[in-house]
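Atoms considered below: every heavy atom in the structure, side chains included; atoms not considered: hydrogens, waters and symmetry mates. In this chain, numbering begins with 1 at the start of the sequence shown. Counting convention: from 1, in listed order, for ligands and their atoms alike.
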Amino acid sequence: MRYNTVAVIGLSWGDEGKGKITDFLAQKADIVVRYQGGNNAGHTVICNGIKYKFRLIPSGAPLEKEIIIGNGCVIDPKVLLSEMENLSKLNKKINLKISSTAHVIFPFHQILDELEEKKKKDYAAGTTKSGIGPTYSDKAARWGLRLFDLIHPEILKEKLIKLAKIKKDIINSYISDWKLNVDEIYEEYYNYGQKLKPYVINTAFYLNQQIDKGKKIIFEGAQGALLGIDHGMYPFGTSSNSNALGISAGTGVPPKKIGPIIGVIKAYTSRVGAGPLVTELNNEIGDKIRTQGGEYGTVTGRPRRIGWIDLFNLKYAIMINGVEDIVITLLDVLEDIDPLKICIGYEFEEEELESWPIQSELLEKCNPIYKTYTGWKKLSREEWSEIAKNGYDNLPKEMKTYINAIKEELKVNIAMLSIGPSREDTIVLKDYFD
Ligand code: IMP
């Protein structure tokens, strides 16, 4: 049986433009599903001229598609409710289902995120301080609270009292006079639970049923493959499997029902947070790309670190995700930069490496091997939009050479190209859901 599912995965360090691509594909889809991460994500979608910045809500929301937050996610109910409220204010119908087994982020998780980061010093990942790591830690330690617990007051009270006591002891080892009012937290979270109750179901059953009925489904990755807990750059990544490997665990949908994995990459590299970045541009070119691309974190507002595109680490990400089709975003951002460089390999202790060395200690000592390409000239927003309307053949010839070099080196198909922030600034070379 052929299933109507696709996954949209960031192949680098997050912020590849997955929100825009998910929104584009969602036009033909029925359901959009988040399966990992939480409000550490920042997905920007421009739909009918309105800019949405989602942290938890799947990017199918502006199109009023059915949206699902799977069990692999960690949920800050306050953030979720405020995103729902914002959508309601825009008169958007919210068709949401939340997994009863997704874990809940509490205020003490956020406090611990900050305290642990400080304690880690050189090993701090530069987290979003949203409490993601501490919540996933509690999940693995098996004393976390899930949405099911949140919506059942008796269970919430019992489990919260126990967990809060454990967390208070830990926080007091950092800050001796830190106080915690469990009744207050209970009251607040009881209210959140009751508001979210109508949306909470067993999403694994529901999703499998919908897939079997032939519904068109998008699995929307958050962060990027290189930040993944198992196959990314540890410890400078996030706490979930932010790649295609996380879909089954984070939804209850078996691998055989998960369709083509569409890998999203930027025309250059960007990264927030700590850890080695082999192609990093700590110079005027990096500054220029940051300015032209508006490269500041959606969640934290931090300036993103910028580098040349790194096909060596992308090859690794393509391998672990089983990607055959890619989308290249933000190509227009590289305008008026000449020459452009593409990293095709690494040198380590004067030897060329065969595969991407996942260990940060090794990556720190790697030097990029570049090929150089001619850049393209600056165009107005209107000119880029006109090119998008007229299709691939109308792209600047230097850009086509750049895209072809990426395609040849990565041995993938190009599914889409994005040359501007709006849905209309997308060139489609391959259709899904037809
Ligand atoms: P955490 O996910 O907040 O624990 O942060 C861990 C690492 O992942 C840090 O380097 C963050 O900057 C990075 N990170 C988390 N979420 C995103 C995202 O959506 N885009 C890019 N980087 C992210």
Side-chain angles (χ1 to χ4, degrees), residues 8-22 34-45 52-59 69 72-76 79 83 103 105-106 109-140 220-243 246 250 264-266 268-277 280 290 293-307 313 317 329-330 360 363:
V8 177
I9 308 289
L11 294 184
S12 307
W13 311 101
D15 312 311
E16 297 91 349
K18 298 178 290 293
K20 177 187 159 167
I21 302 307
T22 303
R34 275 277 307 266
Y35 61 90
Q36 47 73 227
N39 58 300
N40 47 349
H43 293 176
T44 307
V45 175
Y52 300 82
K53 290 192 172 203
F54 298 119
R55 299 171 65 183
L56 251 175
I57 292 258
S59 299
I69 303 180
C73 295
V74 287
I75 298 178
D76 184 329
V79 174
E83 291 194 341
H103 277 247
I105 302 179
F106 286 95
H109 289 126
Q110 287 152 12
I111 295 168
L112 278 167
D113 198 349
E114 292 223 41
L115 294 171
E116 287 170 1
E117 278 279 282
K118 269 193 208 137
K119 187 99 179 167
K120 283 179 183 168
K121 294 198 175 116
D122 287 354
Y123 286 101
T127 73
T128 57
K129 314 272 193 312
S130 324
I132 305 296
T135 308
Y136 277 115
S137 302
D138 282 355
K139 174 178 176 175
E220 180 184 22
Q223 292 83 50
L226 301 177
L227 291 171
I229 182 78
D230 280 297
H231 298 282
M233 195 206 287
Y234 187 89
F236 301 108
T238 191
S239 307
S240 61
N241 275 301
S242 46
N243 49 50
V264 185
I265 67 174
K266 265 180 167 158
Y268 48 94
T269 299
S270 77
R271 179 169 184 8
V272 279
L277 190 63
E280 186 155 18
R290 184 179 303 107
E295 290 290 357
Y296 297 88
T298 315
V299 177
T300 60
R302 290 178 287 184
R304 295 182 184 139
R305 298 161 67 194
I306 303 293
N313 66 23
T329 62
L330 295 139
S360 58
L363 281 161

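In this structure, G237 has a heavy atom closer than 4.0 Å to ligand 1. Residue-ligand proximity: A125 is placed with a non-hydrogen atom under 4.0 Å from ligand 1.
When each atom of ligand 1 is checked for a heavy atom of G126 under 4.0 Å away, the hits are 9 (C), 10 (O), 11 (C), 12 (O).
Polar contact with ligand 1: absent for S239 (N/O pair, distance under 3.5 Å).
Below 30°, between 30° and 60°, or above 60°: for F54 and Y52 the angle between ring planes is below 30°, a parallel geometry.
Nearest residue to atom 5 (O) of ligand 1 from T127, N40, D15 is T127 (criterion: closest heavy atom). For atom 3 (O) of ligand 1, the candidate residues are L226, T238, T128; the nearest heavy-atom contact is made by T128. Across G297, A41, G14, heavy-atom proximity to atom 19 (O) of ligand 1 is greatest for A41.
The nearest heavy-atom contact from the protein to atom 14 (N) of ligand 1 is L227 CD1, 4.0 Å. In terms of protein heavy-atom proximity, atom 22 (N) of ligand 1 is closest to V272 CG2, 3.4 Å. The nearest protein atom to atom 15 (C) of ligand 1, hydrogens excluded, is given as Q223 CG, 3.7 Å; this is a heavy-atom distance.
Screening K266, R271, R302 against E295 for a salt bridge (charged side-chain N to carboxylate O under 4.0 Å, His left out) leaves a single residue, K266.
With a 4.0 Å cut-off on non-hydrogen atoms, R302 touches ligand 1 through its side chain and not its backbone. Heavy atoms of W13 found under 4.0 angstrom from ligand 1 belong exclusively to the backbone.
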